Amino acid sequence: MTDYNNKIKRIIISEAEINEKVKSLGEELSNEYKDKPLLFVSILNGGFTFLADVIRAVNIPCEIAFMRVKSYFGNTVSSGNVEIVMDIDRDISSYHIVILEDIIDTGRTLKQIVEILKNRNPLSLKVVTLLDKPDRRVVDFVPDKALFTIPDLFVIGYGMDFDEKFRNLPYIAEYNI
Ligand code: IMP
Ligand code: MG
């Protein structure tokens with residue numbers, strides 16, 4: 001337990017700060033997608049907490065779907081491949097899609113997911129990320145919205161893990177490497 005606690009270096013974003021941003025995101029999305037078929041897509045595992053909070057901050061009809069991918073990226077920074085391990089369970093062509101992602105780091109995963117989903121002709125597609133680490137980007141990818149921009153730190157909590165642990169922290173902390 002001491003070792004576990006020592007790995008939580010410091011809180012960088014508190015529960016209250018997350019709640020405030022999520023609440024205003026919910027209001028924004030409720031206005032933007034009013035009277036539109038809306039499907040939130042969460043990328044597992046990291047995105048599940050964010051999705052759970054965002055949908056409860058939205059006051060319009062919406063649906064949810066999940067997708068899980070595995071990334072295989074070689075040494076060449078610009079090349080890469082993602083394999084869909086679990087796909088969205090329906091045809092997305094009749095929906096406006098909002099992807100809810102935990103964090104964008106190199107940008108490779110999301111860039112490819114966006115390409116894959118755009119090919120399925122959704123009515124529209126937008127990427128909202130809780131966190132963005134633009135200093136780490138190796139491909140050209142800019143999310144439509146990032147709730148917080150952070151420097152090059154490894155973070156845990158609020159869905160994000162180190163070695164599959166710490167996802168349950170209610171705040172976002174820097175991991176003590
Ligand atoms: P990338 O943008 O393709 O490099 O990959 C982003 C994914 O890597 C995210 O969806 C996370 O699952 C994971 N990731 C990147 N940075 C962090 C971090 O600081 N903490 C935890 N997971 C991270
Ligand atoms: Mg992720």
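Sequential numbering from 1 along the given sequence is applied to the chain's residues. Here the structure is a predicted model, which means the values were calculated and not measured. Each ligand, and each atom within it, is numbered from 1 in the order the structure gives.
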K.L.:
Under 4.0 Å from any heavy atom of Thr109, which atoms of ligand 1 are there?
P.N.:
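Selected atoms, number and element: 1 (P), 3 (O), 5 (O).
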K.L.:
Heavy atoms, side chains only, cut-off 4.5 Å: are His96 and Pro37 in contact?
P.N.:
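In contact.
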K.L.:
Working to the nearest 0.5 Å, report the span between OH of Tyr171 and CD1 of Ile156.
P.N.:
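Here the interatomic distance stands at 7.5 Å.
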K.L.:
Is the closest heavy-atom distance from Lys133 to ligand 1 below 4.0 Å?
P.N.:
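So Lys133 counts as touching ligand 1.
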K.L.:
Which of the numbered atoms in ligand 1 are below 4.0 angstrom from a heavy atom of Asp161?
P.N.:
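Answer for ligand 1: 21 (C).
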K.L.:
Quick one: does Leu110 get an N or O within less than 3.5 Å of an N or O on ligand 1?
P.N.:
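No.
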K.L.:
Between Asp132 and Thr149 (side chain of the first, backbone of the second, donor and acceptor by atom type, cut-off under 3.5 Å), is there such a pair?
P.N.:
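No.
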K.L.:
Please identify which atoms of ligand 1 are closer than 4.0 Å to at least one heavy atom of Leu153.
P.N.:
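Those atoms are 19 (O).
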K.L.:
Look at the rings of Tyr175 and Phe166 and say which category their plane angle falls in: under 30° parallel, 30 to 60° tilted, over 60° perpendicular.
P.N.:
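Perpendicular: the ring planes of Tyr175 and Phe166 meet at over 60°.
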K.L.:
Does Val138 come within less than 4.0 Å of ligand 1, judged by its heavy atoms?
P.N.:
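Val138 does not count as a contact of ligand 1 under the 4.0 Å cut-off.
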K.L.:
Just to check, does Gly107 reach to within less than 4.0 Å of ligand 1 when the distance is taken from its heavy atoms?
P.N.:
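Within the 4.0 Å threshold, so yes.
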K.L.:
Without swapping roles, check the side chain of Ser30 against the backbone of Asn59 for a donor-acceptor pair under 3.5 Å.
P.N.:
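Yes: the side chain of Ser30 pairs with the backbone of Asn59.
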K.L.:
Return a yes/no value for Phe154: is any of its N or O atoms, backbone included, closer than 3.5 angstrom to an N or O of ligand 1?
P.N.:
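No: no nitrogen or oxygen of Phe154 is under 3.5 Å from one in ligand 1.
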K.L.:
Examine distances only and state if a side-chain atom of Arg167 and a backbone atom of Gly157 form a donor-acceptor pair shorter than 3.5 Å.
P.N.:
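Not a single qualifying donor-acceptor pair exists.
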K.L.:
Could you pull out, from Ile172, Ile113, Val155, the option with a heavy atom nearest to atom 20 (N) of ligand 1?
P.N.:
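Looking at heavy atoms only, the winner is Val155.
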K.L.:
Is the NZ or CZ atom of Lys21 positioned over Phe148's six-membered ring, under 6.0 angstrom from the centre and within 45° of the axis?
P.N.:
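The answer is yes, since Lys21 meets both limits relative to Phe148.
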K.L.:
In this structure, does ligand 1 have an atom that sits under 4.0 Å from one of the heavy atoms of Leu131?
P.N.:
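It does not; every heavy atom stays at 4.0 Å or beyond.
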K.L.:
Between Asn176 and Asn6, is there a donor-acceptor pair closer than 3.5 Å when you use the side chain of the first and the backbone of the second?
P.N.:
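Present.
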K.L.:
Before signing off on this row, confirm whether Glu101 and ligand 1 have an N or O atom pair separated by under 3.5 Å.
P.N.:
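N/O-N/O distance below 3.5 Å exists for this pair.
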